[in-house]
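Each remark here refers to the structure printed beneath this line.
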Amino acid sequence: MTDPPRNPDGGEPRRGPSLARDVALLVLVGLVLGVTHNAYMLGAGPGRGLPWIKTERRVVKLQDLSPADPPAGTTAMDAAAAEVPTAGATPAPSRPAGATRSTPPKNPPSAKAAAPDTAASQAKPAEAPARPSGTPGAATGVKGTNGTGSAPASAGSTATAAPAADVPVIPESREPIEAGLDVVRRLYAAKAALFLDARSPEEFAQGHIAGAVNLPFDDVFRDPDLAAKIDDRGRPVVTYCDGGDCDLSRNLAFSIIDAGRRRVLVFDGGLPAWEQAGLPVAKGAQP
Amino acid sequence: MNALAAKIAHPAVVRAAQLVVGVVFVAAALAKIGDAAYVSQQVHNYHLAPLWAENLIATVMPWVELVAGVALVLGPRRRAGAVVVLGFMLLFTFAVGAAWARGLDFNCGCFGKAGVGVIGASKFFENVGLTLLATIAVLPPRR
């Protein structure tokens, strides 16, 4: 009886099935280690391990939300409370999925609007009266972000404030709310929302909704506390990016929801739809 | 041609390729094991796997990479480790190429958060180079 030929690599018998068996063994050991590690992490505490099956986080449409949902901030007291910056909400450990970006807009927008009057809006953070929708409208900002998100901004400060009846009611929701141009435009005109640009600082500088604050999702993903430091002054938050396949605005919205906010809108058309409608855009690093 | 093949399959060359690829895989695996949530998102970014499987992939894949890398560096079962690594490299190169072709520009996630490689030509050809090394690592050494 003869021995099988020896493999110079490690002295193992050089046989096809042997190599296949070794490959299967290595993969199996890796599988067992991975499953065991994740099971241990899941048992160690919430947010430590990954759920075994990933489920899609959904975005609801504004019209699908029940009208019975209490629209936050429907009283004058709420409007007054909105003068106090809100920060410090605890971010949940879970993270949104996906950070894919689409190709940037082919035609970078030109500055069609003057720079927002940031100083004025800081000095008078709640100049707008209480509205039925609870949208105080005024100074906004993101505290502690790097890049261009550190400066307060007033979204829509260049537009004429809309009549109170024209401001959409944004109910509280545990999911981001998808909003179209019509809703977003009215919020903007009423200075009734904080606009957040989820793209990179470079893309933001090429053109953005005038008055919007740059809060790149990549930064929030690395440091979820940034989402908790958003200074929305009690107003809804509108996130946007390049529209189309761009996931950044949705992902940023999920992060903001995880940080405790409950009125977060995703502008589905993004900057391209905004530009196409001829609405104010600005260039540069400032809002 | 035969002379070139003989040189490539020289035991020292094969061992060097195994060491290089093995160390790269061990480093990449250790970087990913620490943050499975980030890996899951990177898997999602490629839009190649079904959503329900993304967490499973993120949970298991780095550990298989680690085991294969350790096998390549330390042995035993070096060739088996090389085969696993070659399979991974073919998969990664395809994924990076597909993402590049679709114009996606996220970080590849190859080394978890430590990696700064953005999807593009350089990352694609870097992967092609590693795939060639992994191919050499699989070769049975000729004496």
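Order of the sequence lines sets the chain letters (A, B, ...), proteins ahead of strands, with each chain counted from 1. Remember, it's a predicted structure, so these values are computed and weren't measured experimentally.
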Under 3.5 Å: donor-acceptor pair, side chain of [X], backbone of [Y]:
X: His208(A); Y: Phe204(A); answer: yes
X: Asn55(B); Y: Ile53(A); answer: no
X: Tyr46(B); Y: Cys108(B); answer: yes
X: Ser249(A); Y: Tyr240(A); answer: no

Q: With a 4.5 angstrom heavy-atom cut-off, could you sort out which part of Leu25(A) is near chain B: side chain, backbone, both or neither?
A: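 Side chain only.
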
Q.
Report which part of Ala36(B) has an atom under 4.5 Å of a heavy atom belonging to chain A: side chain, backbone, both, or neither.
A.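 Interface part for Ala36(B): both.
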
Q.
Heavy-atom pairs under 4.5 Å with chain B - which of Val35(A), Leu33(A), Val32(A) has more of them than the others?
A. Leu33(A)

Q. If you count heavy-atom pairs under 4.5 Å between each of Leu56(B), Ile33(B), Leu66(B) and chain A, which one has the most?
A.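 Option with the greatest count: Leu56(B).
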
